[in-house]
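Quick caveat, the model's predicted, so the values are computed rather than measured.
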Amino acid sequence: MKQSKGTFIVVTACILILLVGGAIYKLNLFDSSSNNATKPVPSVKADETTEAGQTTTIATLDSSMKGQQQTITGTILERSMNKGHVFLKVKDTSGTISVPIFKDKAIDATEMSVGQKITVTGEVDEYQGKIEIIPQTQKDLVVMETKESERLTNDDIGQTKTISAEIVSKYVHPKGHIFLTVESENGQSLKVPLFSTLQPDATTYPVHATAIITGKVTEYKGELELVPETLGDVEVTNKKAETVQTRQISSIKSSDRGSQVVVEGMVEQVTEKKGHLFLQLTQDDSQIKAVLFKADNDEIKGRKERIENAMTSRFPIRVVATVDVYQDELELIIDKVLVD
């Protein structure tokens, strides 16, 4: 009887030990999962990941990610050097970020230039209130073949694209719109309208400058356009001073496209279509087509009157105009009719 009672006590003690041990085990599991839940998790979109080789958008990066490894892909907007360090400004469709390549990392950045598309892996940091990503090794910087170098087609309508291009002509509408004609690296000519609602400044976009342009592909009158959403979507990377030269009509060539010139000539063959004034300027034995686009203001009305009077009274006029090429023919887009 005593032996049976002793056995019962031992069994009961074992059961209690097992129950307590199980409870402690469960509590440890619970505490472990709770601790994991307090660790910061990068804020990324559902279709993105921060694993090696896969990218996140620039706008996703913030100060809570300092010290984390992230990968971004974008286009180089600016490149500068200081005391052996290289500094890149990289842009994707969501924003821009600084990429400092420090001298002590021994990274060869000689092939990295404005307009190239690049993938950067590095440590997220913050400098003077701005987020940056710092590559550590040569493998952290990969120059990519950019899809933006391909020609845009009707299949791209509605999509947002980024191109590197040269501004070949500029028309400033009296209502404040600016219409750029650009030529991308592959030779494709595109229209880039900057509407007055953006409050663009014409001096920011000199002809012959190069720019990185992001916009939505649209179609207008059978031609593709790239329409920026903000002024920040047109990053001028190489400005050149615009000059206005007095030229003879015979000296104007297609290579002058986008240049501003002062030209004197006799007015011939004036016709008006939908408010636009089309004419021909002649000088000696040379001639060139010209157009004065319509606008509802007194200044444009005055220009029209001076052009029409010049044709009727047979006297030459001087105009400030932008050289353009339309349907493979040279033409002048008249900006001003000078009064001597």
Please round to the nearest 0.5 Å and tell me the distance separating atom CG of Leu224 and atom OG1 of Thr218. 8.0 Å
For residues Thr60 and Met65, determine if any side-chain heavy atom of one lies less than 4.5 Å from a side-chain heavy atom of the other. yes
Restricting to non-hydrogen atoms, name the atom on Val236 and the atom on Ala209 that form the minimum distance, rounded to 0.1 Å. CG1-CB, 4.0 Å
Gln136 side chain to Ile134 main-chain N or O, any donor-acceptor pair under 3.5 Å? yes
Determine whether Tyr326 and Phe179 fall in the same hydrophobic cluster, where Ile, Leu, Val, Met, Phe, Trp and Tyr are linked whenever their side-chain heavy atoms lie under 4.5 Å apart. no
Using 0.5 Å steps for rounding, measure from the CG atom of Asp92 to the OG1 atom of Thr214. 9.0 Å
Indicate yes or no: at least one non-hydrogen side-chain atom of Thr322 is less than 4.5 angstrom from one of Lys170. no
Side chain proximity check, Leu190 to Glu225, heavy atoms < 4.5 angstrom: no
Does Ala59 offer a backbone N or O that forms a donor-acceptor pair with the side chain of Ser94 under 3.5 Å? yes
Ser259 and His208: CA distance, side-chain angles, deciding distance, side chain to side chain contact (heavy atoms under 4.5 Å, CB included) verdict: CA-CA 8 Å; Ser259 301; His208 303 310; 3.4 Å; yes
Please determine whether residues Met266 and Leu292 belong to a single hydrophobic cluster, defined as Ile, Leu, Val, Met, Phe, Trp and Tyr linked transitively by side-chain heavy-atom distances below 4.5 Å. no
Side-chain contact test, heavy atoms from C-beta onward, threshold under 4.5 Å: evaluate it for Ile97 versus Ile131 and give yes or no. yes
Taking all heavy atoms of Asp335 and all of Arg303, pick out the closest pair and write down the distance. O-NH1, 2.6 Å
In Å and rounded to the nearest 0.5 Å, what is the CD to CD distance from Glu223 to Glu219? 9.5 Å
Distance-only check: which donor-acceptor pairs under 3.5 Å involve side-chain atoms of residues 245-252, not counting sequence neighbours?
residue, atom, partner, partner atom, Å
Arg247, NE, Ser251, OG, 3.1
Arg247, NH2, Ser251, O, 2.9
Arg247, NH2, Asp256, OD2, 2.9
Gln248, OE1, Gln283, NE2, 3.4
Ser251, OG, Gln248, O, 2.7

Suppose we screen for salt bridge (charged side-chain N to carboxylate O under 4.0 Å, His left out). Which residues come up paired with Lys91, at least two apart in sequence or across chains? Asp233
Are the side chains of Leu332 and Val261 in touch, meaning some heavy atoms are under 4.5 Å apart? yes
Between side-chain atoms of residues 308-317 and protein atoms elsewhere (two or more places apart, or another chain), which donor-acceptor pairs fall under 3.5 Å?
residue, atom, partner, partner atom, Å
Asn309, ND2, Glu305, O, 3.1
Thr312, OG1, Glu308, O, 3.0
Ser313, OG, Asn309, O, 3.3
Arg314, NH1, Val267, O, 3.2
Arg314, NH2, Glu268, OE2, 3.0

Do Gln138 side-chain atoms and Asp108 backbone N/O form a donor-acceptor pair below 3.5 Å? yes
Which of these, Thr55, Val120, Thr56, sits in a side-chain contact (heavy atoms from CB on, under 4.5 Å) with Gln70? Thr56
Scan for ring pair (Phe, Tyr, Trp, His ring centres under 6.0 Å) pairs involving residues 66-98, sequence neighbours excluded, and state none if there are none. His85-Phe102
Look at the rings of His177 and His173 and say which category their plane angle falls in: under 30° parallel, 30 to 60° tilted, over 60° perpendicular. tilted
Of all heavy-atom pairs between Pro100 and Pro135, which one has the smallest distance, and what is that distance? O-CD, 3.4 Å
List the steps, then state whether side chain to side chain contact (heavy atoms under 4.5 Å, CB included) holds for Asp125 with Ile133. CA-CA 6 Å; Asp125 201 357; Ile133 187 166; over 6 Å; no
Check which hydrophobic residues are tied to Ile212 through side-chain heavy-atom contacts below 4.5 Å, counting indirect links as well, and list them. Leu77
Contact summary for Pro200 and Tyr205, nearest pair of heavy atoms: CB-CE1, 4.4 Å
Ring pair (Phe, Tyr, Trp, His ring centres under 6.0 Å) contacts touching residues 244-274 (sequence neighbours left out): none
Scan side-chain atoms only and decide if Lys191 and Thr181 contain a donor-acceptor pair under the 3.5 Å cut-off. yes
Report yes if the side chains of Gln128 and Ser98 come closer than 4.5 Å at any heavy-atom pair, otherwise no. no
Closest heavy-atom pair and its distance - Gln199, Leu231: O-CD1, 3.8 Å
Hey, any chance Val168 and Val291 share a hydrophobic cluster, counting ILVMFWY side chains that come within less than 4.5 Å of each other, even indirectly? no
Side chain to side chain contact (heavy atoms under 4.5 Å, CB included) between Thr93 and Thr57, intermediate numbers included: CA-CA 8 Å; Thr93 56; Thr57 58; 5.7 Å; no
Just how far is it from atom CD1 of Ile107 to atom CG of Leu141, taken to the nearest 0.5 Å? 5.5 Å
Looking at NZ of Lys304 and NZ of Lys301, how far apart are the two atoms once the value is rounded to the nearest 0.5 Å? 9.0 Å
Quick check: does any side chain N or O of Glu235 sit under 3.5 Å from a backbone N or O of Glu78, one acting as donor and the other as acceptor? no
Gln159 side-chain N/O to Asp156 backbone N/O, donor-acceptor pair under 3.5 Å: no
Measure the CD-OG distance between Glu126 and Ser64 for me, rounded to the nearest 0.5 Å. 10.0 Å
Atom CG of Asp285: over 12 foreign heavy atoms under 6.0 Å: no
Are Glu166 and Val182 close enough, and set up right, to give a side chain to side chain contact (heavy atoms under 4.5 Å, CB included), and what steps lead you there? CA-CA 5 Å; Glu166 178 183 355; Val182 304; over 6 Å; no
Is it the case that the side chain of Lys103 and the backbone of Lys83 share a donor-acceptor pair, with hydrogens and angles ignored and the cut-off at 3.5 Å? no
Determine the minimum heavy-atom distance between Pro193 and Pro228, stating which atoms define it. O-CD, 3.5 Å
